[in-house]
Each structure stands twice: as structure tokens, then as C-alpha cells.
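Here's the structure we're looking at; comments come further down.
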Protein chains: 2
Amino acid sequence: MKTLTIQENIFKALSDKGRLRVVKMLQKKPLCVCEITEILKLATSTVSNHLSILCDAGLVIGEKDGKWMNYRINTEPKNNLISSALLYLQFILEDDETITNDRRIISSVDRNVLCCK
Amino acid sequence: MKTLTIQENIFKALSDKGRLRVVKMLQKKPLCVCEITEILKLATSTVSNHLSILCDAGLVIGEKDGKWMNYRINTEPKNNLISSALLYLQFILEDDETITNDRRIISSVDRNVLCCK
DNA sequence: TTTTCATTTCGATTTTTAACGAAATATAAT
DNA sequence: ATTATATTTCGTTAAAAATCGAAATGAAAA
């Protein structure tokens, strides 16, 4: 059976506060796991899992970029349910305190400094 | 603190398959708890809880109607995030098997027959 | 006013989801 | 080749959500 899968996945993917923050960050620029980890203050494995959920929902795309994985908003969604959801996500939460703060941080950090320990 | 509340509630509210089905049913006509219970095949208390979550999210309105509570889609949302979410919900899942079947049932049942035991 | 009945609230249980650290993987740098 | 490091996978634990039945509520019907 298993109907409703696509939409269910989209809403489920967005029902987590952290994942919503990730989407709103990626709207500004692609990010790697360690950058997102630094901002969300979660374990790397947790962030990686969140990203795979967003990818499964079709909202986000992950691409290898040298040492890193670059995650970005899916710009060519197969499904118009996904593209309309992404459109909706573009204009919500723009003035939210957490979102604007997250974006301020990502615009000022250097991946090479942030990720190397 | 507690930012992201409104949107979080909307997505959380829609992240449950049963609640999504309720919204899609209410798009066709207002329904009482026992009608929805009959279709979702869940306990009355569970359905009542789902409805309160949808109401809290601002997607649905509950109104006393004689013996019953009528639940309907919120037609005058205060928030444009809610109204745009409701707009989005109008055109998704229209050809989904579960949704069309739910709607077929609600259009053919009589509340007075269905609810009196 | 007593009964009936639709709905809600409550308490408990089960299921699902989030989170973590450790280990595995894979790739770039040395 | 070996080391370093970014990410993923795995196993476990903790937190949140869904579900139920029973009891409470409240309004309509008798």
C-alpha cells in the first residue's frame, strides 16, 4: 500500500525545527555537514541524518565537492509538489530571529577554518 | 524564546498522515468527530486530539452545531502563512487513492445514521 | 430533571523520532 | 602508502508523539 508517501515525506521533513533551519540556510548558499553542525550545535551524525531526510523528501541535493559534501536546495525537482513546497519555503520565516541569525553566521564563516580541528 | 512556533506547528500538524487526510476531507465539507472517526478507523479520542492539533495550527476551525462539533477549514486565517499553506493543500494529493476514497465515503454517508449507536 | 449521546480530557502504553558516540567509509593530503 | 579528516552508518538511549479505553463534560432530548 503506502500511499501519501511524497507529501508525507515533505511535511515530515519540515516538521523538525533543525531541518527547517537547514533549508532556510541552504536558501542562502550551499553548505557542508560540518558548517551546518557548527550552527545547529548537534552531533555530526545527527546533522548527516537530517540532511538525508531532506534529500529523501526531494528538497535538498547532496554533491561531492573535494573533501566535503555540498548540500544545496534542489533546483530541478521532478515533482511539482516539491517545487511548490520550496517556493512556499522561500517566503516564510524570512524575519524569524533564529533564521536571520543562522544566516548571519553562515555568511561570515570560512569552511576551512570552521571544519579543521 | 520559542521561535519558529507558527510554521513548526503547521508542518508538524501536516506531518501526520491521518491529519492530512482530515484536511483533505474538510476541503470537501465540514465534518463532525464521529464521521471522521468512522473513516480513519481510529478511536474517537485520537481523532479529537488530531482535530485539536489542526485547530492549534490555525488550519481548521471547530464550531458547535447542535449535538455535534462541526470542523471545517479555516476560511479567514489571521496569518498569511496559514492561508498560503491552505492554498498549497488545495492542489496537492487531489488524485491520491486514499484521499479520493475518503471523499467518496464522506459524500455518501449520513451523519445521523453514522453517529447514532 | 433525568437520560442520552457526542466530544473532550486523562492516564497509561506503544510506537516513532531525535540524538549521541563509536566504528566504518571514503577521499584528500602528506 | 600512510595519515588526516569529512561524512555516513550502526547500535543504543532518551524524548516525543500516537493510540487506546475509561472517565469527565456538556448540551440536547425525553
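This one's a predicted model, so the numbers in the text were calculated from it and none came from an experiment. Here is the naming used below: chain letters follow the sequence lines, and residue numbers restart at 1 for every chain.
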* Asked: Using a cut-off of less than 4.0 Å, is there contact between a side-chain N or O of A:Ser45 and OP1 or OP2 of C:dG21?
  -> no

* OP1, OP2 of C:dT17 versus side-chain N and O of A:His50: anything below 4.0 Å? -> no

So do [Y] and [X] actually touch side chain to side chain, heavy atoms under 4.5 Å?
X: B:Pro77; Y: B:Leu86; value: yes
X: B:Asn9; Y: B:Asp56; value: no
X: A:Gln27; Y: A:Arg103; value: yes

Value in whole Å for how far the [atom2] atom of [N] lies from [atom1] of [X]:
X: A:Lys17; N: D:dA15; atom1: NZ; atom2: C1'; value: 16 Å
X: A:Leu42; N: C:dA18; atom1: CG; atom2: P; value: 11 Å
X: A:Glu38; N: D:dA6; atom1: CD; atom2: P; value: 12 Å
X: B:Leu51; N: C:dT9; atom1: CG; atom2: P; value: 12 Å
X: B:Ile36; N: C:dT8; atom1: CD1; atom2: C1'; value: 14 Å
X: B:Leu40; N: C:dT7; atom1: CG; atom2: P; value: 13 Å
X: A:Met69; N: C:dT25; atom1: CE; atom2: P; value: 18 Å
X: A:Glu63; N: D:dT8; atom1: CD; atom2: P; value: 13 Å

Of the options [options], whose atoms approach the side-chain atoms of [X] most closely?
X: B:Lys67; options: C:dT9, C:dC5, D:dT7; result: C:dC5
X: B:Lys64; options: C:dT8, D:dA6, D:dA27; result: D:dA27
X: A:Thr46; options: D:dT7, C:dC20, C:dT7; result: C:dC20
X: B:Thr44; options: D:dT19, C:dT8, C:dC20; result: C:dT8
X: B:Tyr71; options: C:dT9, C:dG21, C:dT8; result: C:dT8
X: A:Ser48; options: C:dT8, D:dT19, D:dT8; result: D:dT8
X: A:Asp16; options: C:dA6, D:dA6, C:dA18; result: C:dA18
X: B:Arg19; options: D:dT8, C:dG21, D:dA18; result: D:dA18
X: B:Trp68; options: D:dT19, C:dA6, C:dA18; result: C:dA6

* Asked: Where is the tightest heavy-atom contact between A:Leu31 and A:Leu26, given as atom of each residue plus distance?
  -> N-CD2, 3.7 Å

* To do: Kindly say whether A:Asn80 contributes a backbone atom to a donor-acceptor pair with the side chain of A:Ser83 at under 3.5 angstrom?
  => yes

* To do: Hey, which sits more toward the 5' end of DNA chain C by its nearest nucleotide, A:Ala43 or A:Asp65?
  => A:Ala43

